Peer 1: 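Can you read through this structure? Questions will come right after.
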Amino acid sequence: MRTYEDLVNSKLADIARVTTAVGVFVGMDGGLAKVNLQGATVRIRCDGFSPPAPNIPVRVDTVGGIMRVTGPAQTLNPRGTVTAVGGGSTTVTVEVDGTSWDLPVLAGYSPMVGEVVVINWQSGHVLGEEASAPEPTTPEDKPDAPTAFSNLLVYPTGSGKYDDDWNNWWGGAEVWASNSNDGIWVYGGRFSTLNGADVSKTEMYLPRLEERGVAFIGLHGYSGIPSGAPTITDTVTLSPRNGWVTLPSSWGNHLRDNPNAGIGVTSGAGFNRWAGAGQHSLSGALRFAGTR
């Protein structure tokens with residue numbers, strides 16, 4: 001008769017052996033990722049991970065003898081400095097922490113050497129120039145006509161979720177909109193960078209983790225996480241709920257006039273989750289276009 005110890009050993013023997021290695025992503029070959037691994041180039045599956053820019057170190061897991069690319073091997077800095085602009089301004093050379101990368105730029109962005117830019121390493125694209133506080137000008141230096149701007153990015157300083165049943169903030173930076181949870185992103189007064197601007201378009205990046213039921217997005221008046229339940233106003237239906245989402249046209253100038261404000265999500269009849277500030281490089285990032 002088999003003993004309990006025999007049963008445990010049998011179950012342990014059935015568990016697939018897992019090993020992890022680090023390789024360098026070369027590119028895609030059809031549906032397979034080409035990775036330089038231990039002196040050889042292999043073609044393997046890329047599961048649950050968008051193909052990154054070439055030459056990025058990636059994690060390769062081997063489970064039961066099958067290799068898969070499962071994600072980046074290290075977190076890369078999402079900010080860099082443009083050192084050269086390619087032909088047609090569609091690619092740039094960006095220096096990030098002492099390493100140079102040749103990357104494509106997002107449509108609509110016209111790069112210039114010396115600009116500090118934001119990079120989405122998951123897609124390998126330069127998204128645009130990072131926002132900076134406008135320099136004060138004297139009346140005589142003010143241009144006669146407004147100057148158009150686009151891809152002006154403002155990042156949150158924090159995020160979280162509030163449980164209406166338990167009356168507390170809990171569980172870290174993830175942002176939820178569910179039956180009993182409201183979530184917010186806070187920006188620490190960073191919308192002062194919009195001073196003097198007339199904002200015509202506002203977009204927000206939402207790194208969705210889960211989507212069920214309904215979700216609404218609105219405004220709040222907190223520069224930081226409040227002590228109690230957040231009040232979210234001017235809500236509209238949130239659709240889509242992943243990637244860059246266009247917000248109501250009036251919100252840009254509202255944030256300009258209320259620099260301590262922020263963005264919140266709520267549901268009442270659903271379960272929606274997004275990666276929070278510090279968990280995804282673009283979580284809650286706002287992208288503005290307009291004139292100044």
Side-chain angles (χ1 to χ4, degrees), residues 75 77-82 96 106 108-109 114-121 126-137 146-162 169 172-175 182-207 217-227 230-236 238 243-265 274-292:
T75 301
N77 191 338
R79 294 168 180 79
T81 302
V82 176
V96 181
L106 202 64
Y109 170 51
E115 288 181 339
V116 176
V117 293
V118 178
I119 304 163
N120 182 351
W121 288 111
V126 172
L127 301 179
E129 183 183 8
E130 184 174 32
S132 59
E135 295 183 2
T137 58
T147 301
F149 65 88
S150 61
N151 292 297
L152 179 62
L153 295 167
V154 175
Y155 294 88
T157 57
S159 63
K161 55 188 174 294
Y162 186 87
W169 295 91
E174 265 193 25
V175 179
D182 298 327
I184 64 173
W185 287 266
V186 295
Y187 297 84
R190 290 180 172 179
F191 297 120
S192 59
T193 192
L194 296 173
N195 286 345
D198 182 13
V199 180
S200 59
K201 185 175 184 180
T202 303
E203 300 168 285
M204 183 176 185
Y205 193 87
L206 297 174
I217 191 166
L219 298 164
H220 66 72
Y222 314 105
S223 62
I225 300 295
S227 59
T231 299
I232 301 171
T233 63
D234 300 298
T235 57
V236 296
L238 178 56
W244 286 107
V245 176
T246 300
L247 302 180
S249 58
S250 63
W251 285 15
N253 287 336
H254 173 87
L255 296 172
R256 175 202 65 195
D257 298 336
N258 300 272
N260 289 324
I263 304 294
V265 287
W274 295 270
Q279 298 174 334
H280 188 287
S281 61
L282 288 174
S283 174
L286 289 168
R287 183 167 65 186
F288 298 96
T291 57
R292 195 196 300 274

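As the structure is a prediction and not an experimental result, all values here were calculated from the model. For the single chain, residues carry numbers from 1 onward in sequence order.
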Peer 1: State which residues pass side-chain contact (heavy atoms from CB on, under 4.5 Å) with Thr231; sequence neighbours excluded, sorted by chain then number.
Peer 2: Tyr222, Thr233
Peer 1: Give me the one residue out of Ser159, Pro156, Pro207 that meets side-chain contact (heavy atoms from CB on, under 4.5 Å) with Val175.
Peer 2: Ser159
Peer 1: If you look at every heavy atom in Ile119 and Gly80, which pair is closest and at what distance?
Peer 2: CD1-N, 4.3 Å
Peer 1: Of all residues at least two apart in sequence or in a different chain, which pass the side-chain contact (heavy atoms from CB on, under 4.5 Å) check with Thr235?
Peer 2: Phe216, Ile232, Thr266
Peer 1: Between Leu238 and Leu206, is a side chain to side chain contact (heavy atoms under 4.5 Å, CB included) present by the stated rule, with each step listed?
Peer 2: CA-CA 11 Å; Leu238 178 56; Leu206 297 174; 3.8 Å; yes
Peer 1: Looking at residues at least two apart in the chain, or sitting in another chain, which of them share a ring pair (Phe, Tyr, Trp, His ring centres under 6.0 Å) with Trp169?
Peer 2: Tyr162
Peer 1: Which pairs, with at least one residue in residues 149-158 and sequence neighbours excluded, count as a side-chain hydrogen bond (donor to acceptor under 3.5 Å, both in side chains)?
Peer 2: none
Peer 1: Sequence neighbours excluded, which residues qualify as side-chain hydrogen bond (donor to acceptor under 3.5 Å, both in side chains) partners of Tyr109?
Peer 2: Glu115
Peer 1: Testing the basics here: between Ile217 and Trp251, what is the closest heavy-atom pair and its distance to 0.1 Å?
Peer 2: O-CH2, 3.4 Å
Peer 1: As an exercise, state the distance from CE of Met204 to CH2 of Trp244, rounded to the nearest 0.5 Å.
Peer 2: 9.5 Å
Peer 1: Could you tell me if the side chain of Leu152 sits less than 4.5 Å from the side chain of Arg292, heavy atoms only?
Peer 2: yes
Peer 1: Taking C-beta and beyond as the side chain, do Leu286 and Leu247 meet within less than 4.5 Å on heavy atoms?
Peer 2: yes
Peer 1: Is there a side-chain contact between Leu255 and Val199 (heavy atoms, below 4.5 Å)?
Peer 2: no
Peer 1: Quick one: side-chain hydrogen bond (donor to acceptor under 3.5 Å, both in side chains) partners of Asn253, sequence neighbours excluded?
Peer 2: Asp198, Arg256
Peer 1: I need the Asn260 CG to His220 NE2 distance, nearest 0.5 Å.
Peer 2: 10.5 Å
Peer 1: Is Pro226 close to Ile184 at the side-chain level, that is, under 4.5 Å between some pair of heavy atoms?
Peer 2: yes
Peer 1: Flag the pair Leu127 / Val117 as yes when at least one side-chain heavy-atom distance between them is below 4.5 Å, and no otherwise.
Peer 2: no
Peer 1: Looking at Gly252 and Leu194, what are the two nearest heavy atoms and their distance?
Peer 2: O-CD1, 3.9 Å
Peer 1: Enumerate the residue pairs fulfilling side-chain hydrogen bond (donor to acceptor under 3.5 Å, both in side chains) with a member in residues 276-290, sequence neighbours excluded, ordered by first and then second residue.
Peer 2: Gln122-His280, Trp185-Ser283, Glu203-Arg287
Peer 1: Not counting sequence neighbours, which residues clear ring pair (Phe, Tyr, Trp, His ring centres under 6.0 Å) with Tyr187? List them please.
Peer 2: Phe191
Peer 1: Tell me, please, which residues at least two apart from Asn258 pass side-chain contact (heavy atoms from CB on, under 4.5 Å).
Peer 2: His254, Ala261
